[in-house]
Amino acid sequence: MFSRLAWACGGIQYFGYIALSTLIELRYFVKEDSGDAGDGNDARSTSERSTTTSSSDVDEEVREWKIQPGRAATGTVRTTKSDPWGFPLYQMITGRHPKGGKHDGGKGARVIHPRHRLYASVNLLMSACFAFAVGESVARGWTRMYGGSNVDATFIGSIYDILRGFAVATVWQSVLEYYWHRAMHARWFYERAHKIHHFYVSPCCWCDLCIHPMEAFGYYCILYAPGFFFPLHRASFILYMAVMGVCGVMDHSGVDVSFADGAYDTTFHDAHHRLFFVNYAFPFDIIDRLCGTYVHGRTDPRPSPSR
Ligand SMILES: [Zn+2]
Ligand SMILES: [Zn+2]
């Protein structure tokens, strides 16, 4: 009934997201258990109770990769091997959640948003459905995408086509995402939808899916649409989706990563979560620079708040 391409696109989107988030979780957050129950979903406190090294060594270890060293990363990530997985669907089904702790400097909020697991699960399935729909549309010839196994261009011609298509899709996404995100900060949308995403001031992996499904639906319409409006090589769209997917996970990973001499930097979006009215763009900062809403994530004049 449906094409294999559609199933492949949906599956890659769904399991690719889980694979990347899991890798980050294992690499940066999951520590050996010390037998001490502890009380926080907190990389710092977990490190402290799971190692025999001095606290200064632990601080140094945390500072190496943490975007906001003064804050605990918050979200559904597990921090010891006995904690439940951060995988939202697993947590939603089992009703389990990471051990408690205070979020955001003792304001008393829960360490994860009460609807995080539900919304993250719904949004992950929704994004896979969008990918499935695009794959099926390509198989049925309903998009303006071209190329693939029957491409007859020269090698150089193909590379040029692929990069041009990637640029077109990225400009489309960058501009529309910027204004969609700014609209979400209008009071009406913020109170009803976007506030959930800003529950996390210092996000970590799995937090990028913690958005209201209405906001997610609008964003996925933008994200998956360019192949319906512009003639794109299929490889351009795959490259574009890979960059957007990886950057979306990395932006909320709590891990300090930058590429290409700062052209992409995870501190950029982390500053949005911390400072609120800046850095709306994703994943590249050019639109914020043009619109005067740019703040460099590493030279923020305001100190990172401490717990
Ligand atoms: Zn926002
Ligand atoms: Zn965010």
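In each ligand, atom 1 is the first atom listed, and ligand 1 is the first ligand listed. Because only heavy atoms are used, hydrogens play no part in the values below, and waters and symmetry mates are left out as well, while side chains stay in.
Listed by chain and residue number, Trp172 satisfy the ring-ring contact (aromatic ring centres under 6.0 Å, His included) test with Phe229 (two or more places apart in sequence, or in another chain). Considering only residues two or more places apart in sequence or on other chains, Arg182 meets the salt bridge (Lys or Arg N to Asp or Glu O under 4.0 Å) condition with none of them.
Relative ring orientation between His198 and Tyr190 is described as tilted, the plane-to-plane angle lying within the 30° to 60° band. Below 30°, between 30° and 60°, or above 60°: for His181 and His269 the angle between ring planes is between 30° and 60°, a tilted geometry.
For the pair NE2 of His269 and NE2 of His252, the angle whose vertex sits at the Zn ion (ligand 2) is 90° to 10 degrees.
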Donor-acceptor contacts under 3.5 Å from residues 11-24 side chains, at least two apart:
| from | atom 1 | to | atom 2 | distance (Å) |
| --- | --- | --- | --- | --- |
| Tyr17 | OH | Asp208 | OD1 | 2.7 |
| Ser21 | OG | Tyr17 | O | 3.1 |
| Thr22 | OG1 | Ile18 | O | 2.6 |

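Around the Zn ion (ligand 1), protein N, O or S atoms at less than 2.8 Å number 5.
The main-chain N or O of Trp142 is never found under 3.5 Å from a side-chain atom of Ser137 such that the two would form a donor-acceptor pair.
In summary, Cys207 places no N/O/S atom under 2.8 Å from the Zn ion (ligand 2), failing the contact criterion.
Ring centroids of Phe282 and His272 are separated by 6.0 Å or more, keeping the two rings apart.
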